[in-house]
Amino acid sequence: MNLIQQRNLFRSSLKQHYPEREIDDLFKRAIAHFFSWSSIKVGLEPHYVLLHEEEKLLNDLLNELILGCPFQYCIGTSRFMELDLSVGPGVLIPRPETEELIEWVLAEKSASIATVWDVCTGSGCIALALKKAQSDWLIKGFDISKQALAVARKNANDLSLEVSFEEKNVLDWSNNRQQCDLIVSNPPYVLPSEKIKMHTNVLEHEPGLALFVPEEDPLVFYRKIIEIASTCLSKSGCIYFEINPLLVEELIALGKAKGFPTANIKKDIFGKDRFVKFSR
Ligand code: GLN
């Protein structure tokens, strides 16, 4: 089979799963990933005849995609802020919105920041991207999931980024002796009632633990993180959250009630209120 025939097989086999533009994009990313070919090869050499092993790799991937496995889990990596991060079942795939959160943090950074925490770190994406940009920051990531922490530590090691990770159930956090100057967090914030509009490849493959919060107490992680911040965060320090746009107002009221009267909201690229910064 040549490249264009293989691409057409992807298009016809995946048309119920993804829009055509996305299929073409996945195909290009797959050939770049497996064979280190530039994505323009499909355009430049459409009649290149794939070797048997090359065809097999692509067909195995296609079969996993047909079963609904997210592309990043199939290939085992996800690109995030120019970092190639390992991901796999049990770890949330980093989202493009979270890159915007990091850009906001970096755009506003102050010289007084020394210690930074990423609470609910997952793959370590926030902690690692911040370390890559600010090698002088002492950065620590926390997560309840052993599986996520193993991936985060592997990522730190593979990328030679010095970030430490600690197993911590945020909701049980009681040791308030540690101090920090900045907290950045993308905790779980999806309501169970939102499942109906979510893709099955997210629902069936990504960890519910990293996504969902109880319908009756959706800010449970935010409340705890703000409480931790009120004792651990330095006076001039701030908290940057990614948040469900449906919960922004409630979150701002919560921050105000718990000692963080100043809140700034930032929209994501889709124009949704997605990020909140708290300071005192
Ligand atoms: N942005 C993710 C999603 O919509 C959710 C991340 C989170 O719960 N913190 O799938």
Side-chain angles (χ1 to χ4, degrees), residues 1-102 122-125 128-129 147-148 151 154-155 158-159 186 190 194-208 210-211 242 268-270 272 274:
M1 205 175 262
N2 68 28
L3 259 185
I4 219 70
Q5 288 165 330
Q6 184 75 41
R7 202 269 327 266
N8 290 344
L9 179 64
F10 266 59
R11 280 188 181 174
S12 58
S13 311
L14 293 171
K15 64 169 181 271
Q16 260 117 39
H17 300 259
Y18 299 98
E20 190 166 290
R21 246 197 17 221
E22 204 171 330
I23 299 172
D24 289 358
D25 183 55
L26 293 182
F27 185 70
K28 285 180 187 164
R29 283 157 71 189
I31 63 165
H33 172 77
F34 288 133
F35 317 130
S36 308
W37 292 343
S38 114
S39 60
I40 53 171
K41 186 169 171 107
V42 189
L44 293 178
E45 290 184 56
H47 303 297
Y48 169 83
V49 178
L50 289 155
L51 301 174
H52 179 70
E53 315 82 84
E54 291 168 346
E55 215 175 295
K56 180 165 181 342
L57 278 171
L58 289 169
N59 284 332
D60 288 349
L61 168 68
L62 181 58
N63 289 332
E64 287 183 67
L65 291 172
I66 291 170
L67 292 174
C69 183
F71 177 75
Q72 292 88 339
Y73 285 170
C74 299
I75 64 165
T77 70
S78 178
R79 189 98 180 135
F80 184 81
M81 300 283 297
E82 296 177 18
L83 300 175
D84 281 318
L85 298 175
S86 286
V87 290
V91 180
L92 192 77
I93 297 167
R95 305 293 201 263
E97 299 89 288
T98 310
E99 296 185 328
E100 296 179 63
L101 174 67
I102 289 167
S123 63
C125 61
L128 295 166
Q147 218 177 342
V151 171
K154 176 182 178 339
N155 281 326
D158 292 350
L159 296 164
N186 173 24
V190 183
E194 293 181 281
K195 277 187 186 173
I196 190 151
K197 56 176 193 205
M198 291 169 72
H199 287 291
T200 52
N201 54 5
V202 175
L203 289 173
E204 287 174 9
H205 295 268
E206 293 201 72
L211 286 167
E242 183 176 320
D268 64 18
I269 39 163
F270 304 107
K272 293 195 168 171
R274 177 73 63 184

Looking at Asn155 and Ser123, would you say the former's side chain and the latter's main chain have a donor-acceptor pair under 3.5 Å? yes
Determine whether a donor-acceptor pair (N or O, by modelled atom type, separation under 3.5 Å) exists between the side chain of Ser13 and the backbone of Phe10. no
Can you check whether Leu61's main-chain N or O pairs, donor with acceptor, with Glu64's side chain at less than 3.5 Å?
no
Here the pair of heavy atoms bringing Pro89 nearest to Gln147 is O-NE2, 3.0 Å
- Message: I'd like to know if the side chain of Ser12 reaches the main chain of Asn8, judged simply by a donor and an acceptor atom lying under 3.5 Å from each other, with no hydrogens or angles considered.
- Response: yes
**CG (Leu44) with more than 12 external heavy atoms under 6.0 Å** = yes
Arg274/Glu242 under side chain to side chain contact (heavy atoms under 4.5 Å, CB included): CA gap, chis, key distance, verdict: CA-CA 6 Å; Arg274 177 73 63 184; Glu242 183 176 320; 3.9 Å; yes
For this session: Side-chain contact test, heavy atoms from C-beta onward, threshold under 4.5 Å: evaluate it for Phe80 versus Leu128 and give yes or no.
Result: no
**OP:** Test side chain to side chain contact (heavy atoms under 4.5 Å, CB included) on Gln16 and Ile66 and set out the steps.
**Re:** CA-CA 9 Å; Gln16 260 117 39; Ile66 291 170; over 6 Å; no
The complete set of side chain to side chain donor-acceptor pair (under 3.5 Å) pairs with one or both residues in residues 70-84, sequence neighbours excluded, reads Arg79-Asp84
Requested in this report: Begin with the C-alpha distance, continue with both residues' side-chain angles, and end with the deciding distance and a verdict on side chain to side chain donor-acceptor pair (under 3.5 Å) for Asn59 and Gln6.
Outcome: CA-CA 9 Å; Asn59 284 332; Gln6 184 75 41; 2.9 Å; yes
Report task. Apply salt bridge (charged side-chain N to carboxylate O under 4.0 Å, His left out) to Lys28 and Asp24, showing your working. Result -> CA-CA 6 Å; Lys28 285 180 187 164; Asp24 289 358; over 6 Å; no
Please evaluate residues Leu58 and Ile31 with respect to the criterion side chain to side chain contact (heavy atoms under 4.5 Å, CB included), reporting the C-alpha separation (whole Å), side-chain torsions for both, the decisive distance (0.1 Å), and the verdict. CA-CA 8 Å; Leu58 289 169; Ile31 63 165; 4.2 Å; yes
Problem - Heavy-atom donor-acceptor pair, Glu206 side chain to Ile93 backbone, under 3.5 Å - result: yes
Carboxylate-amine/guanidinium proximity below 4.0 Å for Arg21 and Asp25:
no
- Item | Pair Arg11 + Glu20, salt bridge at N-O below 4.0 Å | yes
Does any N or O in the side chain of His47 come within less than 3.5 Å of the main-chain N or O of Leu3, such that one atom is a donor and the other an acceptor? no
Are more than 12 heavy atoms, taken from residues, nucleotides or ligands other than Lys41, located less than 6.0 Å from that residue's NZ atom? yes
The complete set of side chain to side chain donor-acceptor pair (under 3.5 Å) pairs with one or both residues in residues 49-58, sequence neighbours excluded, reads Tyr48-Glu54, Lys56-Asp60
*With distance as the sole test, does Glu100 use its side chain to make a donor-acceptor pair with the main-chain N or O of Ile269 at under 3.5 Å?*
yes
